[in-house]
K.L.:
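Supplied in structure tokens, the structure appears directly below.
Side chains are part of it too, since the values below use all heavy atoms of this structure and drop only hydrogens, waters and symmetry mates.
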Amino acid sequence: MHSSDHHQSFESCLKQFLEVAHRAALLGLQAGTGGNISVRCGSNYLMKATRKSLYGLTEADVVVVDGDGKVVRGSGPATKEAGLHLNLYRLREEVQGIVHYHAPFASAYAVKGIPIPTYSAHARRAFPRMPIVPELRDGSPELAEAVENAFQDREVNLVLLEAHGLVAVGDSLLAAQTLAELAEETAKTAIAARLL
């Protein structure tokens, strides 16, 4: 990774952020104002402002926080899961983007507390392991800590949150997004296969 990769301009970080937000909404990964995404931008992080929908998200709905979670740009507050995002950036320096969605099919497996069956070779490569974080209150330090523990294993890039949803990380925000999309597609396929 070139050092220049770490010094993206705010504009390029914002463009990526808005593109992924809209893509997630259009693909049905997240409805309403739930879910949140973030991207590392230099020593700061772009996050969704709380109670904003990914669908139709604009620059006004994006806040920039520093490593301590203090808002340095935009009219916050940031998502209530800001601590969860910041923990993962501290833990894994290669992570540049994080997505958290209540994607319906993946969440069906999360509700049952079972990993999504990976029937395709593609899915098996992408998800060698898929830990399940036990149910904890959303936005709580306990949840942030439990998610951080699940991502200690560098082979883990996606976890299911029991009765809640998923968290995916990537070396770009788009990579994290693509992983979440694959998890949702994999869950749909698995559920459809059970009906045949």
K.L.:
With distance as the sole test, does His100 use its side chain to make a donor-acceptor pair with the main-chain N or O of Ile37 at under 3.5 Å?
P.N.:
no

K.L.:
When you measure from the side chain of Arg40 to the backbone N and O of Tyr89, does any donor-acceptor pair fall under 3.5 Å?
P.N.:
yes

K.L.:
Does the Thr33 side chain pair with the main chain of Ser53, one donor and one acceptor, at a distance under 3.5 Å?
P.N.:
no

K.L.:
Is the CZ atom of Arg194 crowded by more than 12 outside heavy atoms at less than 6.0 Å?
P.N.:
no

K.L.:
Is the shortest distance from a Lys or Arg side-chain nitrogen in Arg23 or Glu19 to a carboxylate oxygen in the other one below 4.0 Å?
P.N.:
no

K.L.:
Is the closest basic N to carboxylate O distance between Glu181 and Lys188 below 4.0 Å?
P.N.:
no

K.L.:
Has Asp68 got a side-chain atom pairing as donor or acceptor with Lys70's backbone, closer than 3.5 angstrom?
P.N.:
no

K.L.:
Is a side-chain donor or acceptor of Glu162 paired with a backbone partner of Val111 at a separation under 3.5 angstrom?
P.N.:
no

K.L.:
Which heavy-atom pair separates Leu179 from Leu158 by the least distance, and what is that distance?
P.N.:
O-CD1, 4.1 Å

K.L.:
Under 3.5 Å, is there a donor-acceptor pair between the side chain of Thr189 and the main chain of Glu185?
P.N.:
yes

K.L.:
For His122, I'd like to know if atom NE2 has over 12 heavy atoms of other residues, nucleotides or ligands within 6.0 Å.
P.N.:
no

K.L.:
Should the heavy atoms of other residues, nucleotides or ligands under 6.0 Å from CD of Glu148 be counted, would the total exceed 12?
P.N.:
yes

K.L.:
Centre of Phe10's six-membered ring, under 6.0 Å away, within 45 degrees of the axis: is that where NZ or CZ of Arg73 sits?
P.N.:
yes

K.L.:
Is it true that Asp153 and Arg129 have a side-chain N and a carboxylate O under 4.0 angstrom from each other?
P.N.:
yes

K.L.:
Quick check: does any side chain N or O of Gln177 sit under 3.5 Å from a backbone N or O of Val99, one acting as donor and the other as acceptor?
P.N.:
no

K.L.:
Give a yes or no on whether the backbone of Leu57 and the side-chain of His22 come within a donor-acceptor separation of less than 3.5 Å.
P.N.:
yes

K.L.:
Going by atom types alone, do Asn157 and Arg92 pair a side-chain donor with an acceptor below 3.5 Å?
P.N.:
yes

K.L.:
More than 12 foreign heavy atoms under 6.0 Å from CZ of Arg90: is that the case here?
P.N.:
yes

K.L.:
Side chains of His85 and Asn36: any donor to acceptor distance under 3.5 Å?
P.N.:
yes

K.L.:
Using every non-hydrogen atom in the two residues, find where Val63 and Ala49 come nearest and quote the distance to one decimal.
P.N.:
CG1-CB, 4.2 Å

